[in-house]
Amino acid sequence: MGIIAKQINEVEADAAKRKEEVIHIRKHFWDDLKVNMDTFDDYLETIIGMRQQAQDLSVSQSTHRHSYERLSRLKRIQNMPYFGRIDFTEEGTNQTEHIHIGVSTIFDETNENILIYDWRAPISSIYYDYPPGPAEYSTPEGRIRGELEGKWQYNIRNGVIESMFDTSLTIGDEILQEVLGQGSNKHMHSIVATIQKEQNKIIRNVRGRLLIVQGAAGSGKTSAALQRIAYFLYKYRGTLKADQILLFSPNSMFSNYVSHVLPELGEENMQQETFQDYLEHRLGRSFTIEDPYEQLEYLLEATDDPAYRTRKASIPFKASLNFFEAVKRYRETLEFTGMIFKGLKFRGQTIVSSKQVTDFFYNEHSSLHFHNRIDKLKEWLIKEIDKTETREMTKSWVQDEIELLSKDDLQKVYTQLEETEEYHGGSFEFYEKENNVLTRMIVRRKLKPLRRKVEDLQFINMKGLYKELFDDSMRHKLWKEQELPAEWEDICSSTKKMLEEGKLYQEDATPYLLLKELIQGFHSNTSIKHVLVDEAQDYSVFQFEFLKRLFPRAKMTVLGDFNQAIFAHADHYVDFQSLTGLYGESKTEYITLSRSYRSTKQIIEFTRQLVPEGELIEAFEREGEKPTLTRVSDHTKLHEEIGANVKSLQNRGYHTIAIICKSAAESSVAYDTLRILLPNLKLVKKNTDEYVQGVIVIPAYLAKGIEFDAVIIYDASLKIYGEESLRRLFYTACTRAMHHLQIYSVGEPSRFLSNISSGEWVTSKRSVK
């Protein structure tokens with residue numbers, strides 16, 4: 001700590017000096033610069049001088065930035081320099097090295113010897129992966145083998161070693177229990193001090209194009225994935241930047257929740273967005289797009305709607321690989337027939353009819369590739385607009401428009417003409433030139449939107465083409481009869497109706513965009529080198545195929561838990577094995593995390609009985625109280641119970657308490673009543689940007705990925721959770737609890753609870769007086 005403090009003083013002084021240099025160069029940038037444009041040599045000398053000054057400023061700014069970043073790292077670890085130590089004897093030597101491990105590398109005063117190794121350094125992997133005994137680690141030069149003599153873990157706070165453990169295979173349970181026993185925070189934190197061996201496999205895995213992580217609720221998969229990004233930024237620091245990494249988050253609140261992990265490790269944050277953000281960016285100008293939560297809310301609450309059955313069949317069908325392949329086949333048929341184009345009109349008159357455009361596409365340049373024919377068609381349409389421009393310049397409407405021109409427009413034309421050598425102000429010749437320039441300016445301005453429409457390929461009737469996909473004439477061309485759901489005709493009519501209204505169902509947005517890309521050319525992003533998809537069980541195979549095409553040069557990390565697959569299309573595939581076809585089995589790694597750390601042993605042993613194969617989920621040995629089920633007779637008593645329970649939990653020191661409802665509709669009803677009893681209650685909606693601590697009401701699907709000190713299930717009755725399709729939603733809600741899980745039921749409880757072993761929970765039936 002003394003060495004770090006000394007380095008902080010040195011870097012602070014250096015940073016202050018660099019800052020003064022930057023300010024001085026900015027302030028006096030022009031003082032020493034001679035600006036002379038008289039001759040070409042003078043001009044060249046001026047440019048060289050400016051470039052040198054700018055370069056000096058850039059170097060000073062860069063040096064100052066590096067000093068500031070180093071200062072931030074040093075201050076971050078000043079009071080907790082390291083968290084682990086290994087004693088390692090390399091094969092062929094008799095010298096045992098004492099390797100201290102922390103979140104950043106620290107050298108001694110000579111800058112030659114490492115005092116603390118970054119947790120991402122090759123040798124640090126021994127700390128996470130091996131018990132005392134033979135051990136090895138990878139370096140660019142090959143495997144280094146040796147003997148791990150001992151391994152220790154430290155709990156250091158504010159410069160004081162509070163505890164120290166001699167550990168074996170896993171990171172010390174005592175420290176892990178202490179970390180897990182703390183209350184939840186408004187942000188997820190770094191787990192580098194407690195990374196487990198199986199999580200370390202995720203972090204340091206660099207093989208293949210695709211890493212799939214199937215992890216139980218609370219297994220640390222998201223946190224490990226964020227440390228994986230930090231590891232990549234360290235390992236490939238010369239070639240990889242944070243803005244070349246993209247995380248697809250489930251929602252903006254989750255993005256905010258995980259936003260502090262990388263900065264905590266001294267790295268810049270990567271890009272984050274939701275898949276819905278991308279769809280809105282690409283299609284939002286043309287359609288109103290249903291978001292995934294609107295889709296889910298419909299499935300949860302609209303069971304009495306006559307169109308419900310059709311919609312429920314439509315969602316998994318349009319998310320399937322069969323539908324993906326059908327869209328590709330449809331695009332291939334358009335090579336020969338079926339393209340739908342819009343004609344071009346100007347001032348109510350047809351320039352080119354849709355039939356002329358179609359004839360040109362299929363009859364001219366027919367030997368060229370599809371996209372080259374589109375380019376040729378675009379060139380032809382631009383020429384037709386050019387011809388229109390020439391014709392329109394002689395029309396009387398142009399003179400009427402000239403009369404309405406502003407003074408600014410006229411002044412631009414006069415200035416332009418004055419700069420010509422032939423300028424003779426006031427002459428007849430000048431008047432002719434002025435009128436010609438004004439005429440051309442007017443016509444070009446009016447034709448500009450039409451040119452832009454052609455440049456953007458808006459003459460292709462994409463809505464009509466997607467609609468055609470659901471026409472009866474396509475039924476036998478694109479699908480085998482056994483591939484179609486029984487509700488196919490109703491699916492076709494409802495899809496067409498939405499398109500006519502300028503709307504897209506959520507399940508149509510990705511297929512529509514794929515067809516658009518296949519026809520107009522793919523808008524791929526080659527700058528992104530790594531893509532992470534969290535809560536991947538909520539993505540369809542269709543969407544993964546699209547992401548592969550969208551980011552052709554990126555590696556992909558996919559994280560999810562099929563026990564939490566709550567969207568309708570998730571029923572179409574039961575695990576991530578179907579994704580191995582994305583890049584091929586040889587380029588795909590699959591890691592399973594079965595041990596859960598978030599919840600107490602009692603909560604995990606309860607929740608794992610809610611899902612099939614739940615016995616595979618392992619509980620971490622952290623003791624707590626058993627979950628409780630309380631059955632009440634009506635909603636008045638329910639609200640009284642919840643109000644009293646929340647106050648009791650707050651008195652026990654719980655900071656984050658979530659009242660979790662099935663849907664947004666149920667959340668709104670619960671909030672309106674409970675806020676009278678709980679004045680500081682907050683309602684979380686799909687557009688909530690930041691997760692705040694306190695007492696909240698939240699739909700189960702928005703709570704995914706986040707943890708709370710205590711969870712109250714608002715109503716787990718048979719009436720609310722009666723459908724088997726809601727099992728995973730109920731499981732998701734219950735697994736948000738770290739320390740306390742209270743389940744309420746208005747009347748008979750859901751049958752999901754009927755198979756729970758009697759010893760795993762406490763039941764009570766009472767009314768509040």
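If you're wondering where the values come from, they're calculated on a predicted model, not measured in any experiment.
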Original post:
With a cut-off of 6.0 Å (strictly less than), are more than 12 heavy atoms of other residues, nucleotides or ligands near NE2 of His655?
Top reply: no
Original post:
How are the rings of Tyr128 and Phe83 set to each other: parallel, tilted or perpendicular (split at 30° and 60°)?
Top reply: tilted
Original post:
Which of these, Arg207, Arg228, Lys201, Arg209, sits in a salt bridge (charged side-chain N to carboxylate O under 4.0 Å, His left out) with Glu589?
Top reply: Arg207
**OP:** Please confirm whether the backbone N or O of Ala319 pairs with a side-chain atom of Gln543, one donor and one acceptor, at under 3.5 Å?
**Re:** no
Subject >> Smallest separation among heavy atoms of Ala703 and Phe708, with atom names >> reply: CB-CE1, 4.1 Å
Subject >> Heavy-atom closest contact (Thr688 atom, Met253 atom, distance) >> reply: O-CB, 3.4 Å
Original post:
Between Lys601 and Glu621, is the closest basic N to carboxylate O distance under 4.0 Å?
Top reply: yes
Original post:
Should we say atom CD of Glu147 is surrounded by more than 12 heavy atoms from elsewhere, each under 6.0 Å from it?
Top reply: yes
**OP:** Kindly assign one of parallel, tilted or perpendicular to the pair Phe275 and Phe546, based on the angle between their ring planes and the thresholds 30° and 60°.
**Re:** perpendicular
Original post:
Is the closest side-chain donor-acceptor distance between Ser594 and Glu618 under 3.5 Å?
Top reply: yes
**OP:** Look at Lys328 together with Glu545 and state whether they make a salt bridge at an N to O cut-off of under 4.0 Å.
**Re:** no
**OP:** Tell me yes or no: between the side chains of Asn256 and Ser259, is some donor less than 3.5 Å from an acceptor?
**Re:** no
Original post:
Which heavy atom of Asp243 sits nearest a heavy atom of Ile528, and at what distance?
Top reply: O-CD1, 3.9 Å
Original post:
Taking the side chain from Ser124 and the backbone from Arg120, do they hold a donor-acceptor pair closer than 3.5 Å?
Top reply: no
**OP:** Report, as yes or no, whether the 6.0 Å neighbourhood of atom CD on Glu615 holds more than 12 heavy atoms from other residues, nucleotides or ligands.
**Re:** yes
Original post:
Can Lys548 be said to sit on top of Tyr583's aromatic six-ring, NZ or CZ under 6.0 Å from centre and within 45° of the ring axis?
Top reply: yes
**OP:** Would you name the heavy atoms of Arg728 and Phe562 that are closest together and state the gap between them?
**Re:** CD-O, 3.2 Å
Subject >> Carboxylate-amine/guanidinium proximity below 4.0 Å for Glu91 and Arg145 >> reply: no
Subject >> Salt bridge flag under 4.0 Å for residues Glu109 and Lys6 >> reply: yes
**OP:** Examine Phe88 together with Tyr127 and report whether their ring centres are nearer than 6.0 Å.
**Re:** no
Original post:
Is any side-chain heavy atom of Val558 less than 4.5 Å from a side-chain heavy atom of Tyr539?
Top reply: no
